[in-house]
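No hydrogens, no waters, no symmetry mates; every other heavy atom, side chains included, goes into these values. Each ligand, and each atom within it, is numbered from 1 in the order the structure gives.
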Amino acid sequence: MTNKTFVTHEALLALIEEGLNAAVPEAAAPYAHGHPPALLAEAMRYSLLAGGKRLRPALLLRTVEMLGGDLQEALAMACALEMIHTYSLIHDDLPAMDNDDFRRGRPTNHKVYGEGIAILAGDGLLNSAFEGMLCNALRYPERLQRHVAAIEAIARRAGVTGMIGGQCLDLSSEGMGGDESLLSYIHLHKTARLFIAPVVAGGLLCGAESKQLSALEVYGRNVGLAFQIVDDLLDLEGDALAMGKATGADAKLGKLTWPALLGVETARQKVADLRREAFGALECFGDAAKELLGIGDRLTSRKA
Ligand code: GRG
């Protein structure tokens with residue numbers, strides 16, 4: 001048994017919202033040097049503060065909490081993950097990619113600001129994410145090495161051998177069919193890498209040992225893959241209103257998904273198997289893993 005105390009879910013979300021709000025401030029006076037143009041700041045904030053589930057920052061902060069780290073020190077990194085995720089959604093929604101009109105319960109960024117500004121809002125969020133993490137790292141010279149290792153872990157998993165690589169294969173294989181190995185590659189890279197990044201980065205920030213880092217990686221990978229299959233199932237059978245975006249998009253685009261490839265029942269079974277493996281990986285952390293397990297539970301049993 002552990003006497004560890006945990007921040008409430010509401011308090012954690014409030015901390016994340018506060019961090020995000022500060023990470024991309026509202027515009028200063030027009031043409032103020034050292035500030036983004038008003039339109040760009042507005043477009044970035046439009047998508048960032050639109051109320052997503054904040055899964056990736058929560059995963060990082062819960063990992064840091066589990067390992068006894070400092071939530072304030074980790075906040076910039078948690079927010080950076082949400083900024084990277086939000087940039088990927090803005091770009092994914094563009095006509096050149098998934099061409100979606102609706103995201104997080106409101107019109108997509110390019111529907112409001114036009115394609116050019118939406119591309120720049122995504123670019124701005126991606127760059128600001130790294131600016132924020134690096135500025136924060138410099139505030140902790142005694143743990144600079146840990147910060148840099150964690151930032152590298154995030155950069156790699158969001159990059160061309162991670163999310164961007166997965167998105168590339170997803171896009172280039174649209175309507176062309178494919179098999180399990182292609183689908184596994186796409187899901188692991190496009191989605192699961194951004195679930196592995198927060199837990200491994202949280203571990204690195206807290207100086208976790210290699211056995212613990214491996215366990216965190218297994219947890220992140222399995223919940224990430226399960227999350228993506230649930231997303232595919234919801235796209236097939238979910239309620240567009242509850243989801244805050246249109247459903248049925250995968251079938252329209254001829255996308256390779258687990259339900260399309262193996263059927264709905266096998267896809268559901270796969271979610272259950274991945275979930276079991278993910279939870280098993282956290283056993284080495286004992287009761288301290290309670291909140292991380294809770295996130296895994298919510299994201300593999302979600303209905304929206
Ligand atoms: C453009 C480089 C680039 C990558 C895009 C995010 C992404 C990669 C594609 C989005 C397509 C998609 C629906 C993927 C499924 C997994 C996913 C990322 C779902 C959305 O994440 P949530 O449910 O969203 O965490 P919220 O809005 O709650 O943050």
Only one of Leu182, Leu183, Asp179 forms a side chain to side chain contact (heavy atoms under 4.5 Å, CB included) with Leu261, so which one is it?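 Single pass found, and it is Leu183.
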
Those residues that, when tested against Arg146, pass salt bridge (charged side-chain N to carboxylate O under 4.0 Å, His left out) (two or more places apart):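 By the salt bridge (charged side-chain N to carboxylate O under 4.0 Å, His left out) rule, Arg146 matches no residue at all.
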
For Arg54, which part has a heavy atom under 4.0 Å from ligand 1: side chain, backbone, both, or neither?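 For Arg54, no heavy atom sits under 4.0 Å from ligand 1.
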
Please state which option from [options] has its nearest heavy atom closest to [atom].
atom	options	answer
atom 24 (O) of ligand 1	Glu82, His85, Arg104	His85
atom 12 (C) of ligand 1	Arg193, Arg302, Lys53, Lys190	Lys190
atom 8 (C) of ligand 1	Arg103, Met97, Gln167	Gln167
atom 13 (C) of ligand 1	Leu89, Leu234, Asp231	Asp231

Within ligand 1, which atoms have a heavy atom of [X] less than 4.0 Å away?
X	result
Tyr87	2 (C)
Gln228	14 (C), 15 (C), 16 (C)
His91	1 (C)
Leu55	25 (O)

Does an N or O from Arg56, backbone or side chain, lie closer than 3.5 Å to an N or O of ligand 1?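 Among all N and O atoms of Arg56, at least one is under 3.5 Å from an N or O of ligand 1.
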
Show me, pair by pair, the donor-acceptor contacts under 3.5 angstrom made by side chains of residues 64-83, not counting sequence neighbours?
from: Glu65; atom 1: OE1; to: Arg62; atom 2: NH1; distance (Å): 2.7
from: Glu65; atom 1: OE2; to: Val7; atom 2: N; distance (Å): 2.7
from: Glu65; atom 1: OE2; to: Arg62; atom 2: NH1; distance (Å): 3.3
from: Asp70; atom 1: OD1; to: Gln72; atom 2: N; distance (Å): 3.0
from: Glu73; atom 1: OE1; to: Arg143; atom 2: NE; distance (Å): 3.3
from: Glu73; atom 1: OE1; to: Arg143; atom 2: NH2; distance (Å): 2.6
from: Glu73; atom 1: OE2; to: Arg143; atom 2: NE; distance (Å): 3.0
from: Glu73; atom 1: OE2; to: His147; atom 2: NE2; distance (Å): 2.8
from: Glu82; atom 1: OE2; to: Arg54; atom 2: NH1; distance (Å): 2.9
from: Glu82; atom 1: OE2; to: Arg104; atom 2: NH2; distance (Å): 2.9

Any salt bridge linking Glu152 with Arg156? Criterion: basic side-chain nitrogen under 4.0 Å from a carboxylate oxygen.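 Yes.
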
Cationic N near anionic O, under 4.0 Å, Glu265 to Arg268: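 So Glu265 pairs with Arg268 through a salt bridge.
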
Does Ile90 reach the side chain of Thr108, with side-chain heavy atoms less than 4.5 Å apart?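 Contact flag for Ile90/Thr108 side chains = no.
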
What is the ring orientation for His189 with Tyr185, classed by angle as parallel under 30°, tilted 30 to 60°, or perpendicular over 60°?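 Because their plane-to-plane angle is under 30°, the rings of His189 and Tyr185 count as parallel.
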
